[in-house]
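Please read the structure below before turning to the comments.
The structure displayed is predicted, hence computed values, not measured ones. All values below were derived from every heavy atom in this structure, side-chain atoms included, with hydrogens, water molecules and symmetry-related copies excluded. Numbers restart at 1 for each chain; the letters A, B, ... are given by sequence-line order, proteins then strands.
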There are 2 protein chains.
Amino acid sequence: MTREEKRFQEKIKAIQDTMFVLGGKWKLPIILSIYGGNKRFNDISNAIPKITNRVLSKELKHLEENLLIKRTVIDDYPVRIEYTVTDYAFGLEEVIKPMESWGKKHRKRISDASR
Amino acid sequence: MTREEKRFQEKIKAIQDTMFVLGGKWKLPIILSIYGGNKRFNDISNAIPKITNRVLSKELKHLEENLLIKRTVIDDYPVRIEYTVTDYAFGLEEVIKPMESWGKKHRKRISDASR
DNA sequence: GATACCTGTATCCAAAAGGATACTTGATTT
DNA sequence: AAATCAAGTATCCTTTTGGATACAGGTATC
């Protein structure tokens, strides 16, 4: 593999890492929902219609492992859990904003193309 | 649904549109490979180890439908096809670059966190 | 007439992602 | 003693995505 090919592979890998963190059907809705003030498991679940417990649970773990949200155990009764977005997650702004604006332009472009 | 919730849904939809265009295992490697000079089906196929014909064919169609590459029939013998990236595809730079740099920072962050 | 070249398709299969539904745990109120 | 609540787990199933392999179809060379 040439040096050039290697840089190329690293570029792809970095982009795919980003997609791994944000990709799939639910990660963005969950992050934005917590950011919007929902802290508890059932609050988040209710705020996002149709997500199941199993999937929400898995995604919360994924987001926690990737340092985007924090899980805090509050030890009164019944034991409550609070999820909050981390400061680190705010760094995603720099990637989410371009994705949002490109996605909007693209949708328009594609629907224009079919007329 | 409040106005706020609606804006929220549109934001998510736009981001997911971007992911739909770029997501999956092969789309980026294919775009970058064509951008890097591979024009013919078999060239692209050879440049990307392990991709199968079936998958390459499907992904090329997807990328063409999304206006990122152009398919040109060259009526020689045997009929050749050339794929090139479109000018429109260059607009992706604005979303790919942040994804790349965030992905790199994130990989470092995650590996530091586990020490 | 067999063979090779090129750009795919066709068929079948495996793995990953996501969904439905019921259940757990353990203190507390009824 | 039964019911309740929060935050998930457990089990099983469906859908989506990707992979393996063979082969088509038209021309041109051997």
Side-chain angles (χ1 to χ4, degrees), chain A residues 12-13 15-34 37-66 68-85, chain B residues 12-13 15-34 37-66 68-85:
Chain A
I12 289 172
K13 191 163 53 60
I15 297 166
Q16 287 176 336
D17 282 351
T18 298
M19 289 205 187
F20 176 72
V21 173
L22 294 181
K25 194 165 171 182
W26 301 111
K27 288 176 197 89
L28 256 310
I30 294 169
I31 292 173
L32 295 178
S33 163
I34 296 174
N38 295 299
K39 292 177 182 311
R40 316 266 301 276
F41 191 92
N42 284 332
D43 293 345
I44 302 166
S45 178
N46 293 329
I48 304 178
K50 304 203 180 170
I51 196 168
T52 65
N53 284 359
R54 179 178 167 282
V55 170
L56 177 54
S57 170
K58 280 180 114 167
E59 297 292 48
L60 287 170
K61 255 172 213 157
H62 171 101
L63 293 172
E64 197 192 354
E65 280 162 9
N66 283 281
L68 299 179
I69 63 174
K70 187 167 185 307
R71 179 180 186 277
T72 310
V73 179
I74 296 182
D75 206 5
D76 35 293
Y77 199 73
V79 175
R80 278 176 300 135
I81 310 290
E82 280 192 4
Y83 291 96
T84 48
V85 305
Chain B
I12 289 172
K13 190 163 54 58
I15 297 167
Q16 286 176 337
D17 282 351
T18 299
M19 291 206 185
F20 175 71
V21 173
L22 294 181
K25 195 166 172 183
W26 300 112
K27 288 176 197 89
L28 282 179
I30 293 169
I31 292 172
L32 295 178
S33 164
I34 296 174
N38 296 297
K39 291 176 182 312
R40 315 267 302 277
F41 192 92
N42 282 333
D43 294 345
I44 301 165
S45 178
N46 293 329
I48 305 178
K50 304 203 179 169
I51 196 168
T52 66
N53 283 1
R54 178 179 168 283
V55 171
L56 177 54
S57 171
K58 279 180 116 167
E59 297 292 49
L60 287 170
K61 257 173 211 156
H62 171 101
L63 294 173
E64 197 193 352
E65 281 162 8
N66 283 281
L68 300 179
I69 63 175
K70 187 167 183 306
R71 178 180 186 275
T72 310
V73 179
I74 296 181
D75 205 4
D76 253 18
Y77 314 104
V79 175
R80 278 176 298 135
I81 310 291
E82 281 192 6
Y83 292 96
T84 48
V85 305

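Using a 4.5 Å heavy-atom cutoff, the side chains of B:I51 and B:I44 are not in contact. Side-chain contact check for B:L56 versus B:F41: some heavy-atom pair is nearer than 4.5 Å.
Following rounding to the nearest Å, B:M19 (CE) and C:dA17 (P) show an atom-to-atom distance of 14 Å. Separating the OH atom of B:Y83 from the C1' atom of C:dC6 is a distance of 11 Å, rounded to the nearest angstrom. Nucleotide C:dC6 holds its C1' atom 16 Å from the CG atom of B:N38, rounded to whole Å. Atom CD of B:Q16 and atom P of C:dA17 are 16 Å apart (whole Å). Atoms NZ (B:K25) and P (C:dA14) sit 16 Å apart, rounded to a whole Å.
Of the inter-residue distances, the one linking B:L22 atom CG with B:D17 atom CG reads 11.0 Å to the nearest 0.5 angstrom. Distance CD/B:E64 to NZ/B:K61: 9.0 Å, rounded to 0.5 Å. Between the CD1 atom of B:I31 and the CG atom of B:N66 there is a distance of 9.0 Å, given to the nearest 0.5 Å. Taking CD1 of B:I81 as the start and CG of B:N42 as the end, the distance is 11.5 Å to the nearest 0.5 Å.
A:Q16 approaches B:G24 most closely through the heavy-atom pair NE2-O, 4.0 Å. Minimum heavy-atom separation, B:L63 to B:V21: CD2-O, 4.3 Å.
Using a 4.0 Å cutoff on non-hydrogen atoms, the parts of residues 42-61 of chain B near DNA chain C are B:N42, B:N53, B:R54, B:S57, B:K61, ordered by number.
One axis for each end of the helix from C:dG1-D:dC30 to C:dT30-D:dA1, each built from five base pairs, and the angle between them comes to 30° at 10° resolution.
Here side-chain hydrogen bond (donor to acceptor under 3.5 Å, both in side chains) pairs that include residues 43-60 of chain A, with residues two or more places apart or in two chains, number zero. Screening residues 22-33 of chain B for side-chain hydrogen bond (donor to acceptor under 3.5 Å, both in side chains) gives B:S33-B:N38 as the qualifying pairs, with residues at least two apart or on separate chains.
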Identify every side-chain donor-acceptor pair in residues 68-76 of chain B under 3.5 Å, counting partners at least two apart or on other chains, and give the distances.
{"unit_1": "B:R71", "atom_1": "NE", "unit_2": "B:Y83", "atom_2": "OH", "d": "3.4"}
{"unit_1": "B:D76", "atom_1": "OD2", "unit_2": "B:R80", "atom_2": "NH2", "d": "2.9"}

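Residue A:W26 places at least one side-chain N or O under 4.0 Å from the OP1 or OP2 atom of C:dG19.
In the 5' to 3' direction, nucleotides of DNA chain D lying under 4.0 Å from heavy atoms of chain A begin and end at D:dA6 to D:dT11.
Remark on DNA chain C: of its neighbouring residues A:P78 and A:G24, the 5'-side contact belongs to A:G24, judged by nearest-heavy-atom nucleotide.
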